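Letters A, B, ... are given to chains in the order of the sequence lines, protein chains preceding strands, and every chain is numbered from 1. What you see is a predicted model; the values in this text were computed from it and never measured.
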Number of protein chains: 2
Amino acid sequence: MTSTEPTQPSTQPSTPPSLSGARPTRQRRAVAEALASFTDFRSAQEIHELLGSRGETVGLATVYRTLQRLADAGEVDMLRTEDGEAIYRRCSDAHHHHLVCRSCGATVEVEGPAVERWTGAIADEHGYFDVSHTLEIFGTCPACR
Amino acid sequence: MTSTEPTQPSTQPSTPPSLSGARPTRQRRAVAEALASFTDFRSAQEIHELLGSRGETVGLATVYRTLQRLADAGEVDMLRTEDGEAIYRRCSDAHHHHLVCRSCGATVEVEGPAVERWTGAIADEHGYFDVSHTLEIFGTCPACR
DNA sequence: CGGGAGTTGACAACGGTTCTCAACTTTCGT
DNA sequence: ACGAAAGTTGAGAACCGTTGTCAACTCCCG
């Protein structure tokens with residue numbers, strides 16, 4: 001039962017995901033650095049725009065390819081919004097979940113060994129292996145009451 | 001820590017989701033019945049084909065509309081596959097989660113008071129209220145090993 | 001039976017994502 | 001260092017699941 005601080009516009013920098021294996025081209029580095037500049041989930045298109053607004057020109061297709069590669073390599077988390085859009089985020093090394101405010105989007109990272117154990121146990125119980133899970137908690141934050 | 005049986009090609013019939021509120025047209029009934037004929041998750045297009053192969057002609061748009069309506073009404077569960085496609089399945093009324101096979105889609109409904117309590121506690125701890133959550137477990141089922 | 005609200009379906013439009021392919025980089029072998 | 005092979009890029013087209021459009025049709029109620 002732990003947590004970090006809420007992550008509204010938080011813009012503190014961080015270490016970009018490694019390009020493990022891939023050729024370190026200007027474009028790939030740019031995407032990796034962009035990922036380091038935010039902590040919440042962003043869509044490929046948003047990341048593409050972000051790069052554009054910084055003067056880094058990187059083709060949209062390249063952004064998609066790079067994100068996909070990073071996701072495959074486990075360097076970033078990828079998940080789907082309700083409407084099917086893929087969103088990405090560099091993953092902190094620790095596995096965790098999000099408590100998200102429905103109205104303002106304020107996010108708290110939470111983690112709990114209990115859930116991790118539980119999902120593992122459930123999967124085991126049914127013979128499923130190679131298990132992963134997604135869990136998001138939604139609510140209204142104190143500021144929006 | 002509970003569960004129901006795995007839900008492979010199991011084809012035993014069941015009660016179709018209710019059309020609560022909506023006009024009981026031939027098409028809506030057909031979709032509801034189709035949903036009753038399987039227990040795993042299917043895409044809108046698969047359901048559309050299923051209907052076609054049964055001689056029930058229902059427009060694709062209507063299938064989408066009906067599924068959406070049922071999902072909004074909580075009559076069916078909707079979730080997204082890894083590649084963003086929406087898949088549907090009639091659901092039991094009790095709140096529960098899914099253990100889904102990544103490769104064949106076999107689904108087990110699971111429930112666990114522990115998680116429910118945990119999410120509530122976490123939310124409380126941060127002052128969030130009006131809480132809900134989503135949780136899906138993915139893995140490879142024994143049959144697909 | 002009549003009329004308005006609700007529903008349908010063919011088809012177009014949309015939007016996110018992937019594909020294509022020629023031009024360009026990077027990396028190696030020598 | 002040089003050149004060739006392999007990998008990467010970007011613009012645009014193609015894809016495909018999904019949603020919108022709108023005239024024709026159904027259902028329900030009086």
- prompt: Just checking, any donor-acceptor pair under 3.5 angstrom between side chains of A:Arg65 and A:Thr62?
  reply: yes
- prompt: Going from CD on A:Glu75 to OH on A:Tyr88, what distance comes out if it is rounded to the nearest 0.5 angstrom?
  reply: 14.5 Å
- prompt: Going through the checks in order, is the side chain to side chain donor-acceptor pair (under 3.5 Å) test met by B:Glu116 and B:His97?
  reply: CA-CA 11 Å; B:Glu116 311 302 321; B:His97 301 288; 3.1 Å; yes
task: Can you tell me the distance, in whole Å, between the CE atom of A:Met78 and the C1' atom of C:dT17?
output: 10 Å
statement: A:Glu49 atom CD is separated from C:dG15 atom P, nearest whole Å, by 14 Å
- line: Sorted by chain and residue number, the side chain to side chain contact (heavy atoms under 4.5 Å, CB included) partners of A:Glu85 (sequence neighbours excluded) come out as A:Ser43, A:Thr81, A:Asp83
- request: Hey, could you give me each pair passing salt bridge (Lys or Arg N to Asp or Glu O under 4.0 Å) that has a residue in residues 44-54 of chain B? Not counting sequence neighbours.
  value: none
- request: Assess the pair A:His133 and B:His98: is the distance between their ring centroids shorter than 6.0 Å?
  value: no
- line: Between the OG1 atom in B:Thr140 and the CG atom in A:Asp130, the distance rounded to the nearest 0.5 Å is 4.5 Å
Heteroatom pairs (N/O) under 3.5 angstrom, protein to nucleotides 26-30 of chain D:
none

Modelled atom types, side-chain donor and acceptor of B:His48 and B:Glu56, under 3.5 Å: no
statement: Across all chains, not counting sequence neighbours, the side chain to side chain contact (heavy atoms under 4.5 Å, CB included) partners of A:Ser132 are B:Arg102, B:Phe138
field: Degree of bending in the helix from C:dC1-D:dG30 to C:dT30-D:dA1 once both end axes are built from five pairs, to 10°
entry: 30°
message: Between C1' on D:dC25 and CD on B:Gln27, what's the gap in Å once rounded to a whole number?
response: 10 Å
message: So that I can tick it off, tell me whether A:Arg89 and A:Glu109 are bridged by a salt bridge, with the cut-off set at under 4.0 angstrom between side-chain N and carboxylate O.
response: yes
task: Give the B/S/- string for nucleotides 13-24 of chain D, one per nucleotide from 5' to 3', where a protein heavy atom under 4.0 Å of the base yields B, of only the sugar-phosphate yields S, and otherwise -.
output: ----SBBBB---
- prompt: Separation of A:His48 atom NE2 from C:dT18 atom C1', in whole Å?
  reply: 15 Å
